[in-house]
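Before any comments, here is the structure.
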Amino acid sequence: MAGKDDILSRSAIDDALAELPDWRYRQGALVTAYRCPTSAAALELIAAVGRIAEQQNHHPDLDWRYNRVFIRYTSHDAGSEVTQRDVRAAKSVSEAAAEAGAVAKPEATP
C-alpha cells in the first residue's frame, strides 16, 4: 500500500517516463493506449494486465474499444497520485503488450 511519502515528484515522473516510451503523464496519472491486431488480442492483453494487477496488487483503470486498450495508473491510496508502484506496473504492462504484439499509441489517450 502506498502512502503520501511514496508520491513521485514531477521530475521523478519525467525520469521514469524516459524509461517508459509507451507511457505519458496526463491529468495526474500514467496513461497509454495499445492497438492490438484484433479484438481478441485486445482481450488477451486485458487478461495479461489483470494478471499483472493481481500479482502486484495494483489495479489500473482500463477502457477497451474493439482493438484498442486504454490504461491509466494512479495510486488511489496515495491520494490518486503517481507512485513507484505505478511505474513498476507500467513497465510490466509494456512488457506484456510487446509480447502480445500490441503497438503503443500513447498519443491517443484522452
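Just so it is clear, the values below take in all heavy atoms, side chains as well, and ignore hydrogens, waters and symmetry mates. Counting from 1, the numbers follow the sequence of the chain as shown.
- Partners of E99 according to the side-chain hydrogen bond (donor to acceptor under 3.5 Å, both in side chains) rule, which considers only residues two or more places apart in sequence or in another chain, do not exist here.
- Partners of D61 by side-chain contact (heavy atoms from CB on, under 4.5 Å), not counting sequence neighbours, listed by chain and number: R72, H76.
- Side-chain contact between L17 and L30 is present, with heavy atoms from C-beta onward closer than 4.5 Å.
- Checking side-chain atoms of S75 against main-chain N and O of A78 turns up no donor-acceptor pair under 3.5 Å.
- Within the 3.5 Å criterion, the main-chain N or O of Y66 finds a donor-acceptor partner in the side chain of W64.
- The shortest non-hydrogen separation linking F70 to A108 is CE2-O, 3.5 Å.
- Listed by chain and residue number, L8, V87, R88 satisfy the side-chain contact (heavy atoms from CB on, under 4.5 Å) test with Q84 (two or more places apart in sequence, or in another chain).
- For E81 and T74, the side-chain atoms include no donor-acceptor pair closer than 3.5 Å.
- Separating the CD1 atom in I13 from the OG1 atom in T83 is a distance of 9.5 Å, to the nearest 0.5 Å.
- Partners of R24 by side-chain hydrogen bond (donor to acceptor under 3.5 Å, both in side chains), not counting sequence neighbours: none found.
- D14 meets the side-chain hydrogen bond (donor to acceptor under 3.5 Å, both in side chains) test with R10; sequence neighbours excluded.
- Here R35 pairs with N67, R68, V103, K105 under the side-chain contact (heavy atoms from CB on, under 4.5 Å) rule; sequence neighbours left out.
- From R65, atom CZ reaches atom OG of S39 across 12.0 Å, with rounding to the nearest 0.5 Å.
- Listed by chain and number, the residues in a side-chain hydrogen bond (donor to acceptor under 3.5 Å, both in side chains) with Y34 are D22, S94 (sequence neighbours excluded).
- R51 is linked by a salt bridge (Lys or Arg N to Asp or Glu O under 4.0 Å) to nothing, counting only residues two or more places apart in sequence or in another chain.
- Following chains of ILVMFWY side-chain contacts shorter than 4.5 Å, one cannot reach V31 starting from L20, and the two form parts of different hydrophobic clusters.
- With sequence neighbours excluded, the residues satisfying side-chain contact (heavy atoms from CB on, under 4.5 Å) with L62 are I46, V49, P60, V69, I71.
- Heavy-atom minimum distance, P106 versus P21: CG-O, 4.1 Å.
- Within the 4.5 Å cutoff, no side-chain heavy atoms of V82 are placed close to those of Y73.
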Check the pair D77 / R85 against side chain to side chain contact (heavy atoms under 4.5 Å, CB included), numbers first and verdict last. CA-CA 11 Å; D77 55 356; R85 286 187 337 174; 3.2 Å; yes
